[in-house]
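Some notes on the structure that comes next.
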Amino acid sequence: MGLGHEEGFGAPCLKCKDKCEGFELHYWRKICRNCKCGQEEHDILSSNEEDRKVGKLFEDTKYTTLIAKLKNDGNPVYKRNVMILTNPVPAKKNISINTVTYEWAPPVQNQTLARQYMQMLPKEKQPVAGSEGAQYRKKQLAKQLPAHDQDPSKCHELSPNEVKQMEQFVKKYKNEALGVGDVKLPGDVEARAADENNLKDGDRGTSSAVGAMEEKSSDQKASQYFCYHCKLNMKEGDPAVYAERAGYDKLWHPACFVCCTCSELLVDMIYFWKNGNLYCGRHYCDSEKPRCAGCDELIFSNEYTQAEGQNWHLKHFCCFDCDCVLAGEIYVVVNDKPVCKSCYVKNHAEICQGCHNAIDPEVQRVTYNNFNWHATQECFLCSCCSKCLIDQKFIPVEGMVFCSVECKKKMVS
C-alpha cells in the first residue's frame, strides 16, 4: 500500500523557505524528510488529489450529487463549486473588467447569497485564487480531512483485520456523523424547521405552528434568530449556515461554522456532528479512536503504547531523528518529539562552556542564562584562576564565570 511518495516531490516549504531542500515524504511519517514539516506546509499543487480525496469521502453517502465518476478509472471526484465574479472597474479612458475567482463557494443557486456568504468570512480565509485565503483552504483540507483517516491504502502496513476495522469505522461515521453545511436565509430555515415539526406533530400541530408564525411581528422576526456558536443575533437578510444533522432549529454565522476542538473554519462546510458539537474530520476521529503521534494514523490495533501523553503504534515509537525503535531505550523529548540518546548528543545537546563538548542528558549540568557547564570540578571553574565553583557564589560575564571581583577585573583588564 503506497503513501503517495511521488506527489509534491521537491516542492518548496512555505514555513522553512530556503532551509528546506524541497519536499520528500518520509516513508511512514506524514512529514518531509528534509525539514520535518508536514505536507500541508509545502507548496504542493495537488487540487486533483484533494478533489479525489473529498470525492471518496462523499462516496456511498447522501452527498453523491457533489461528486462525479472519472471515465478513465471510475473513481469519484469532488465537484467543488468554483465561483467567478466579474466587476466593471472605471478607468480613465474606458471600463476594464476585474475578475475574482473563488476556488470554492457554497453550491447554492443564488449567487448573491454565495457572494454575501464569502464577504462574511474573514478576508484572510476567503479562498480567492492565488491569495492567502486559498492557501488557508488548501492547508485545512490536508489538516481536517487527512486521506489516511478514510482510505486504508493511504496507511502504513495495516493488517487485514485492521483494514476491516477501518472500513467499518469509516462506514459508521459516514452514516452517523458526516454532513455538509448549507447556506440559506434564516427565514427559509425556520420554514423548513416548521415543516419538520409539522411532520412529527401531525395535522393538529400544523395549524398551531402556522398560527404562531403569523402572529410574530416584523420586529420580533428581526431578533429571533441567533447563532448556535456565538449566541449573538442574526439578521434576517444575512446568509446563515445550517447543518442537517444538527436540526433546522440551529443556525451559524458563516464565520462561526467552526470545529469545536481546533476552532478552525470547517473547510468547504464539511462537518461531523456529535453530542451537540461540530467537529472537523480529524478531531471527530480523535474523539473516537487513539491517533499515533508517530505516523498520524488512527490506531485500530489492540496493542499500542502511551508515552509523553500521546498514543503510538508499537513500531512507531521511534527516534524522531534516526527512526530507531525506542521501546526500553533511554530517550529525550525535544520539541515534544522523542529523540534517542545518541541523536540527542549529536544534534541537540547543550555545549559545555568549559570543555566545549556536548553534555550527556544523564549527567548533571549547571545552566545560567543560555550558557551551560558540566557540573564537575574539571569544567565549572573560575575563568581566571580555575577555582572550582560548584556550590560557590560566582560572577557571570558573557559566558565566563569568576570567583571574585578581583578575578573579573584581571580578565577584563
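Any value given below was found using the heavy atoms of this structure, including those in side chains, with hydrogens, waters and symmetry copies removed. This structure is a prediction, so every number in the text was calculated from the model and none was measured.
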Could you walk me through whether D296 and K30 pass the salt bridge (charged side-chain N to carboxylate O under 4.0 Å, His left out) check?
CA-CA 7 Å; D296 197 47; K30 310 301 185 293; over 6 Å; no
So, the side chain of K36 versus the backbone of F320: is there a donor-acceptor pair under 3.5 Å, distance only?
yes
Keeping the roles fixed (side chain from K172, backbone from Q168), state whether a donor-acceptor pair exists under 3.5 Å.
no
Tell me whether the count of non-hydrogen atoms from other residues, nucleotides or ligands lying under 6.0 Å of CD in Q392 goes above 12.
yes
For a quick check under 3.5 Å, do H374 and N357 share a side-chain donor-acceptor pair by atom type?
no
Salt bridge (charged side-chain N to carboxylate O under 4.0 Å, His left out) between D51 and K79, worked out
CA-CA 7 Å; D51 289 345; K79 296 189 300 183; over 6 Å; no
Just verifying a value: how many Å separate T261 OG1 and Y279 OH, rounded to the nearest 0.5 Å?
5.0 Å
Flag side-chain contact, heavy atom, 4.5 Å: I270 against L145
yes
For E297 versus K154, what's the shortest heavy-atom pair and its separation?
OE2-O, 4.1 Å
Using the rule given for side chain to side chain contact (heavy atoms under 4.5 Å, CB included), can you reason through C13 versus C32, listing the C-alpha separation, both sets of side-chain angles and the distance that settles it, and then say yes or no?
CA-CA 9 Å; C13 181; C32 174; over 6 Å; no
When you measure from the side chain of Q144 to the backbone of L265, do you find a donor-acceptor pair of N or O atoms at a distance under 3.5 Å?
yes
For the rings on F380 and F394, is their centre-to-centre separation under 6.0 Å?
yes
Within-4.5 Å side-chain heavy-atom neighbours: E264 and C280
no
So does K315 pair up with E157, basic N to acidic O under 4.0 Å?
yes
Expected output: side-chain R365 to main-chain A375 donor-acceptor under 3.5 Å
no
Any luck finding a side-chain donor-acceptor pair between N161 and S159 under 3.5 Å?
no
When you look at E244 and Y271, which way does the side-chain hydrogen bond (donor to acceptor under 3.5 Å, both in side chains) test go after all the steps?
CA-CA 10 Å; E244 185 178 12; Y271 70 88; 5.9 Å; no
Residues E288, K274: salt bridge by 4.0 Å N-O rule:
yes
Note, Y102 side chain near V82 side chain (heavy atom, < 4.5 Å):
no
I'd like to know if D149 and K53 make a salt bridge, using a cut-off of under 4.0 Å between side-chain N and carboxylate O.
no
Please determine if R245 and E176 form a salt bridge, counting it only when a charged side-chain N lies under 4.0 Å from a carboxylate O.
no
Taking the side chain from S383 and the backbone from F402, do they hold a donor-acceptor pair closer than 3.5 Å?
no
Give a yes or no on whether a salt bridge exists between D60 and K174, defined as a side-chain N under 4.0 angstrom from a carboxylate O.
no
Mark yes or no for whether K231, through its side chain, and Y228, through its backbone, hold a donor-acceptor pair below 3.5 Å.
yes
Between P396 and Y368, which heavy-atom pair has the shortest distance, and what is it?
CG-CE2, 3.3 Å
Taking atom CG of L266 and atom SG of C259, what is their separation to the nearest 0.5 Å?
6.5 Å
According to the interplanar angle, ranging from 0 to 90°, do the rings of F272 and Y284 count as parallel (below 30°), tilted (30 to 60°) or perpendicular (above 60°)?
parallel
One thing to verify: whether D321 and K346 come together as a salt bridge, which I'm taking to mean a side-chain N less than 4.0 angstrom from a carboxylate O.
no
Between P127 and M118, is there a side-chain heavy-atom distance shorter than 4.5 Å?
yes
Run the side chain to side chain contact (heavy atoms under 4.5 Å, CB included) check on L389 and L381 step by step: do they pass?
CA-CA 5 Å; L389 295 177; L381 310 171; 5.8 Å; no
Taking only Lys NZ, Arg NE, NH1 and NH2, and the carboxylate oxygens of Asp or Glu, determine whether K184 and D182 approach each other closer than 4.0 Å.
yes
Say you draw a straight line from CG of L298 to CZ of R291; how long is it, rounded to the nearest 0.5 Å?
4.5 Å
Say you draw a straight line from CG of L14 to CD of Q135; how long is it, rounded to the nearest 0.5 Å?
5.0 Å
Donor-acceptor pair, distance only, cut-off 3.5 Å: does the side chain of Q310 make one with the backbone of C292?
no
Give a yes or no on this: more than 12 heavy atoms of other residues, nucleotides or ligands lie within 6.0 Å of atom CD of E124.
yes
Is there a donor-acceptor pair under 3.5 Å between the side chain of N311 and the backbone N or O of Q306?
no
Quick check against the 3.5 Å criterion: does K341 have a side-chain atom that pairs as donor or acceptor with the backbone of E362?
no
Looking only at heavy atoms, which two atoms of P239 and L185 are closest? And how far apart?
N-CD2, 4.3 Å
Test log, rule ring-ring contact (aromatic ring centres under 6.0 Å, His included), inputs Y248 and Y242:
CA-CA 7 Å; Y248 291 93; Y242 82 92; 4.8 Å; yes
Please report the C-alpha distance between Y304 and F317 in whole Å, then the side-chain angles of each, then the deciding distance to 0.1 Å, and finally whether the ring-ring contact (aromatic ring centres under 6.0 Å, His included) criterion is met.
CA-CA 9 Å; Y304 63 96; F317 185 52; over 10 Å; no
Compare every heavy atom of P186 with every heavy atom of L251, then report the nearest pair and how far apart it is.
CD1-CB, 4.0 Å
Rounded to the nearest 0.5 angstrom, the CG-NE2 distance for N277 and H283 is 13.0 Å
Would E41 and K139 pass as an ion pair if we require N to O under 4.0 Å?
yes
Decide whether D268 and Y78 meet the rule of one side-chain donor and one side-chain acceptor closer than 3.5 Å.
yes
Shortest non-hydrogen contact from V405 to I395?
N-CD1, 3.7 Å
Ring pair (Phe, Tyr, Trp, His ring centres under 6.0 Å) filter on H316, not counting sequence neighbours, yields W28, H156, H313
Verify, without hydrogens or angle tests, whether Q353 (side chain) and F371 (backbone) share a donor-acceptor contact under 3.5 angstrom.
no
Determine whether D238 and M120 make a side-chain contact, defined as any pair of heavy atoms from C-beta on separated by less than 4.5 Å.
yes
Looking at M269 and P106, what are the two nearest heavy atoms and their distance?
CE-CB, 4.1 Å
Checking side chain to side chain contact (heavy atoms under 4.5 Å, CB included) for the pair V401/W373: CA distance, chi angles, key distance, verdict?
CA-CA 11 Å; V401 285; W373 294 262; 3.8 Å; yes
